[in-house]
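For reference, the structure is listed below as structure tokens.
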Amino acid sequence: MYSIMWSEHCSYKSSKVHLRQFQEKAPPSDRMLAGMGENAGVIKISDTIAVTFKVESHNHPSFVEPHQGAATGVGGIVRDILAMGARPVAVMDPLRFGAADHPDTRRVLPGVVNGIGQYGNSLGLPNIGGEVVFDPCYQGNPLVNALCVGVLPVDRLQKKEATGAGNVVVLLGAKTGRDGIGGVSVLASATFDDESETRRPSVQVGDPFLEKLLIESCLELYDAGLVVGIQDLGGAGLTCALTETAAAAGTGMKIELDRVPLREPSMLPHEILASESQERMLLIVDPARLDDVLAVAAKWGLLATALGEVTEGQGGRLEISWRGRTVVDVPPGSLADDGPVYARPMREPNDRFLLQADRAETLPRPRTGDELRETLLRLAASPNLCDKTWVTEQYDRYVLGNTVLAQPEDAGIVRIDEESGLGVAISVDGNGRFTRLDPYHGARLALAESYRNVAVTGAVPVAVTDCLNFGSPEDPAVMWQFAEAVRGLADGCQELGIPVTGGNVSFYNQTGAAPIHPTPIVGVLGVLDDVGYRTAMGFNADGDVILLLGE
Amino acid sequence: MARVVVDVMLKPEILDPQGQAVANALPRLGVTGVSSVRIGKRIEIEFDGEPDLEQAREIADKLLANPVIEDFTIHLPAPAEADK
Amino acid sequence: MARVVVDVMLKPEILDPQGQAVANALPRLGVTGVSSVRIGKRIEIEFDGEPDLEQAREIADKLLANPVIEDFTIHLPAPAEADK
Amino acid sequence: MTRVGVVTFPGSLDDGDALRAVRVAGGEAVSLWHDDPALHGVEAVILPGGFSYGDYLRCGAIARFAPVMDSIVKAAGDGMPVLGICNGFQILCEAHLLPGGLTRNQHLHFRNRDQWLRIESVGTAWTGSYEAGQNILVPVKSGEGCFVADEQTLDLLESTGRVVARYVPGPGLSEEGYNPNGSLRDIAGISNEAGNVVGLMPHPEHATEALTGPSVDGLGFFTHVLGHLGRVSA
Ligand SMILES: Nc1ncnc2c1ncn2[C@@H]1O[C@H](COP(=O)(O)OP(=O)(O)O)[C@@H](O)[C@H]1O
């Protein structure tokens, strides 16, 4: 359990010291109801309505099994949003692939797009934007990031704390199977290489239908006030959910592992605890309301099982029994909070001054009309700049009936309140090449682009989420890139007066010794009081004046 | 007929949402006594000449089955399979 | 094991784009001599007790196959099917 | 106000949109639940889009057995207007209220785009506010929208005016690739003999508000059924 909980993915042991800047430099905000450290940041957008959004990576699973990896990536971020008490209302998908004409891209890309589409479409979540970028540096390590945004009444905000001795711990959703055992600690916390063969059992298969039922039943439970605490099961499965909910409340738990509904009866305790089977949530409920909770689950045809109970306060222990034996007895805080924190060595990459010396001015310029024409056509036809309809038409953009802007716009907009027209605009952006040249400014540029994309729709930008995709933190050059990028993003947010409300770090994105370009993906969310006044990017009418703003 | 059949099924430890959905629907049809349903693919390959099991295996391996999550078996169509 | 297998295939006159896509990809793998590929479903029903062919037929008829576009056959798993 | 029901199956997704479309058209939108056979006094029913019960086996295959469907099949036989959109169309075919079936798109991808349709039949309970031959623009979004039936059935549908809508090229758009899924004879929607039951692959409920849809061309389906019911009950 310790090896999982203290893995890079779960403990943020290499990134923690840097990420603190986001909070230290954050401007004070009275909009923020929940910030970093929660499943996702929650921002108030009116007196009664809040939104929550977050972007997360599912890079390594998507390389091993593109379809299922990408699909379960969407599933995971949606559960994060759901756990905050919100109804998920839209998704976005920033993607990075190797060269467009590489045979392995032909394997990975269709699977990824299909997986994202199938899962998101089946959940009824409109896809309102994303990115498709090709670069050889992602050949052996594509990036699959997924963003979800959700909406909640301000007073429906949920907590993960397992408070109240005697409250019942309930597992809701899918049966637990052997899928994904060690997925997080193994796949996301190690370099990716040819040994992936032996890691194959880590593949998880998603069931979007079950997730849809999970969404509807959780929302019904929230509205009926039946939930004391809730946490999604993602990486590290029950281990993570049990320890985090208990540690957050400073309580203990007594759990009978035999009660966990299993897909394969022969599973051993450590497998049950580590399984990353999808479409499960952990609930803390008042024993007097347990029957009501079970009734809601039954209405939606979901399994709900009481696993045990919360035990008395300070210094409480997590006690897990199986077949009459105690298999775990630890203080939950030691797993969740006492993980190691590293200040890893950093060094500026040797080749950076060479890269910077190789200036764009030295490139040949088109001089004649024909050359210009040829350059323009080449640009327009390049995979990174061409029309992305071939991807986006595989995604449902209309479902829920509130999509006001989506592809090809620079920001997606969803209406949140039909009466007033209140809505949000979101954009996700990143530029690995810029960031490779200069991580500090690359991260700032990603933020600035995303911020502009949101602002030009007419929205007021209010919050930032980020997914920091980097190589191995054990490589001092990568660690330097990471530190610089975080510093750049934190400074940029400070200058723009907008807080980072949550995000995700993905390390070990490399093939052998070669890391990907450092790729911080930045999502900005803005608020429109009335989406009827949004500005789309197309020219509207003949005779309109065209102005160029800025330097 | 020069037909070879490739059956592709999810590995036993992999979740099969399709089969599960069907199994859950059965009680509504008044069917009890079914403990599980698994759904895979049946692929019929028609050869011009002789049925070529080796080649079918190669096609299955490269194209029809996803070795990360699926297993496959290859056989000639059994007469029993036509007992509708 | 009390298993019954139901194979569901699109009727021959219904176009099977998936099978066609596979057939079209074969020359790229260097495979020639395949005249057609059809892709259907293989459904394995596990009964608690004895395998019940009659009940399996009823399930197939009502639920597993759509008679407008599909045919099905039912059989016990043949030993030959395990020849991977 | 005329009550129009929208069924929610587990896995239904466009139920909220269908309910909204009914309201926008001026009707009273009523949620119906798959497990409840009661129709709660509605005078028409919409089966919305989505993935009922996950739609893993075959789209609509399991939904057909929902308790509410028994009541709907019976009411449809008595002339109640029923509109199946996308997954709803698939369910109507599975329930044998409509002939033929819907199979995997021929290009094998889910496809979402704004689609031009020609309304072919205005004699149904849902399409009477259009003119025969009128072109409308509504979203299509499905992975299994390819309508198939045997030749005899197709001929019968054509000769009896039961092809309700067809995919057509948009004005100024390519003559190629206008059919989004390979449907036989470009069929996008059909009706039963009486014209009260209509199945449609594209989504008129997503084209009822200028802000969120490509047009408001879809609204006519919902306004017409309300007018139609007004006349019947008057
Ligand atoms: N993977 C994707 N998912 C959803 N939308 C996407 C995806 N990739 C690109 N898009 C959308 O396509 C449009 C064009 O994208 P892009 O070429 O990246 O625009 P830009 O370069 O102007 O940022 C945008 O609306 C973007 O949101």
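- Take C:A65 and apply the side chain to side chain contact (heavy atoms under 4.5 Å, CB included) test, not counting sequence neighbours, and it matches C:V8, C:E70, C:F72.
- Taking the salt bridge (charged side-chain N to carboxylate O under 4.0 Å, His left out) definition, one finds that C:E50 meets it with nothing, sequence neighbours left out.
- Every residue two or more places apart in sequence or in another chain that forms a side chain to side chain contact (heavy atoms under 4.5 Å, CB included) with C:E54 is listed here: C:D52, C:R57.
- Both the backbone and the side chain of C:I43 come within contact range of chain B, each with at least one heavy atom under 4.5 Å from a heavy atom of that chain.
- Interface residue C:K62: only side-chain heavy atoms are found under 4.5 Å from chain B.
- For residues 15-29 of chain C, the interface with chain B (any heavy-atom pair closer than 4.5 Å) comprises C:V22, C:A25, C:L26, C:L29, sorted by residue number.
- Salt bridge C:R38/B:E44: absent, no basic N to carboxylate O contact under 4.0 Å.
- Ranked by heavy-atom pairs under 4.5 Å with chain B, the first of C:V37, C:V6, C:V34 is C:V34.
- Closest heavy-atom contact between B:P77 and B:R3: CD-O, 3.1 Å.
- Between the side chain of B:S36 and the backbone N or O of C:E46, no donor-acceptor pair lies under 3.5 Å.
- You'll find the side chain of B:D7 reaches within 4.5 Å of the side chain of B:H75, heavy atoms only.
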